[in-house]
Amino acid sequence: MPKWIFPSIILLLLLSSCNLPASGTSTPTVDFVGTQVAAILTSQPTVQPLPTETPALPVQPTESPVSSPSPSPSSEPSPTATPLSDDPRQFLGNPTFVDTLESGRSFGLQDKPYDDDYTFIRVENGALVLTSRYATGYRGWRTGGTKIGNAYLETLVRTGECSGLDTYGLVFRSPDFVKGYWFQLTCDGKWAFGYWDGQQYVNLAEGGNVNDAIRTGSNQTNRIGVYAVSSNYTLYVNGVKIREISDSTFTEPGSFGIVIAARNTPNFTVYAEEFAYWRLE
């Protein structure tokens, strides 16, 4: 056998031992039914892969209208008019439906919570609870309940420890549990209104604390409401009108829920203690 064959064999063995597989970076899966992540306010998110596990869909509750005396013709709300009072809850009477979060059925959380690398969502102690783990500005959200169209919708949300631009708010008119409008507040008293179109967030309006309506800081409770008629939306916080906005991106009935994004405080947590709506059709 020629002498040059042995060095060649040794050289081939050495080269093959250095060809190690590159280590991959794992990407967290995203629950497209219950939660999404997106960059804070107007920045675009990174694309997330399809989930490896599909959670149970939210169970739409059967409406049990709250009994109330028949209103006189002059007291009936008009579905085509902007409300005149600062607080729709004061002139609309008893709500069509109230969810006090005694169970997680409305949001598909009756069997187990939702948990990924960014957002932890569960129903406990009479509240829909969302925790945003990292102060990166990524949003997670959960929607459910009966799809509603023209309506006044509000939620009662309590914050945990927070600061600055830690964000939370009301999701509504979600046609598929993913897309929909977001009316968001920050811990320091700013607000923003826009929508998630399934690929990116589109900001439509934003502003400061109108008439100090937003209760700022940690451990505060804010009543966040939207009076939605066709493509017209009037935004309220604690009964104070914040802004009127028109947009026709989502005009069909949709589900509702909560969005959260920690920007300054890791493990920022909010507690949605009630959802209520008044149908205007």
Side-chain angles (χ1 to χ4, degrees), residues 61 63 65-66 68 71-100 106 141 143-157 167-175 179-186 189-196 202-215 221-259 272-281:
E63 290 184 7
V66 180
S68 60
S72 62
S74 60
S75 64
E76 292 180 354
S78 170
T80 59
T82 299
L84 299 177
S85 170
D86 268 354
D87 190 353
R89 196 176 188 109
Q90 298 303 314
F91 69 81
L92 289 178
N94 291 327
T96 304
F97 181 78
V98 177
D99 189 350
T100 55
S106 295
W141 64 91
T143 62
T146 299
K147 290 188 174 183
I148 57 175
N150 292 339
Y152 174 64
L153 168 69
E154 67 175 30
T155 183
L156 199 63
V157 183
T167 301
Y168 62 100
L170 178 63
V171 181
F172 69 101
R173 283 201 180 169
S174 174
K179 306 180 187 74
Y181 288 113
W182 297 349
F183 176 27
Q184 305 157 91
L185 308 181
T186 63
K190 298 179 180 67
W191 64 271
F193 182 80
Y195 62 87
W196 177 258
V202 179
N203 196 50
L204 297 174
E206 60 187 23
N209 198 348
V210 178
N211 296 325
D212 294 325
I214 303 170
R215 296 174 182 140
T221 299
N222 283 293
R223 181 162 52 95
I224 308 169
V226 176
Y227 194 102
V229 176
S230 185
S231 59
N232 301 306
Y233 310 101
T234 307
L235 313 179
Y236 292 87
V237 176
N238 297 317
V240 177
K241 185 165 73 173
I242 302 299
R243 179 78 174 266
E244 295 179 12
I245 297 170
S246 294
D247 182 77
S248 58
T249 303
F250 303 109
T251 57
E252 297 300 315
S255 57
F256 54 86
I258 294 293
V259 60
E273 297 174 331
E274 180 183 285
F275 292 92
Y277 61 80
W278 292 251
R279 289 190 182 272
L280 301 177
E281 288 91 352

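In what follows, residues are counted from 1 in the order of the sequence shown.
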Using 0.5 Å steps for rounding, measure from the [atom1] atom of [X] to the [atom2] atom of [Y].
{"X": "N150", "Y": "R173", "atom1": "CG", "atom2": "CZ", "value": "5.5 Å"}
{"X": "D87", "Y": "K241", "atom1": "CG", "atom2": "NZ", "value": "12.5 Å"}
{"X": "F250", "Y": "S174", "atom1": "CZ", "atom2": "OG", "value": "7.5 Å"}
{"X": "N211", "Y": "N238", "atom1": "CG", "atom2": "CG", "value": "12.0 Å"}
{"X": "R89", "Y": "N94", "atom1": "CZ", "atom2": "CG", "value": "9.0 Å"}
{"X": "R243", "Y": "L235", "atom1": "CZ", "atom2": "CG", "value": "8.5 Å"}

Evaluate the side-chain proximity of [Y] to [X]: yes if any heavy-atom separation is below 4.5 Å, no if none is.
{"X": "Y236", "Y": "R223", "result": "no"}
{"X": "R279", "Y": "I148", "result": "yes"}
{"X": "L170", "Y": "F275", "result": "yes"}
{"X": "I242", "Y": "F193", "result": "no"}
{"X": "T146", "Y": "F97", "result": "no"}
{"X": "V237", "Y": "N209", "result": "no"}

Which residues pass the salt bridge (Lys or Arg N to Asp or Glu O under 4.0 Å) test with R215, not counting sequence neighbours?
none
On the 0 to 90° scale, with breaks at 30° and 60°, tag the Y227-F91 ring pair as parallel, tilted or perpendicular.
tilted
Do you know which two heavy atoms are closest between [X] and [Y], and how far apart they sit?
{"X": "A205", "Y": "I245", "value": "CB-CD1, 3.7 Å"}
{"X": "G225", "Y": "Y152", "value": "CA-OH, 3.7 Å"}
{"X": "P175", "Y": "G180", "value": "CD-N, 4.4 Å"}
{"X": "T251", "Y": "S231", "value": "CG2-CB, 4.2 Å"}
{"X": "I258", "Y": "A272", "value": "CG1-CB, 3.7 Å"}
{"X": "A192", "Y": "N203", "value": "CB-OD1, 3.8 Å"}

Counting only N and O atoms by type, is there a donor-acceptor contact under 3.5 Å from the side chain of S255 to the main-chain atoms of K147?
no
Side chain of Y181, backbone of T249: donor and acceptor closer than 3.5 Å?
yes
So among T167, T186, V210, which one has a side-chain contact (heavy atoms from CB on, under 4.5 Å) with W191?
V210
side-chain contact (heavy atoms from CB on, under 4.5 Å) partner of E274, chosen from T155, D99, V98:
V98
Please report whether the ring centroid of Y233 lies less than 6.0 Å from that of F183.
no
Full working for side-chain contact (heavy atoms from CB on, under 4.5 Å) between W182 and V171:
CA-CA 5 Å; W182 297 349; V171 181; 3.6 Å; yes
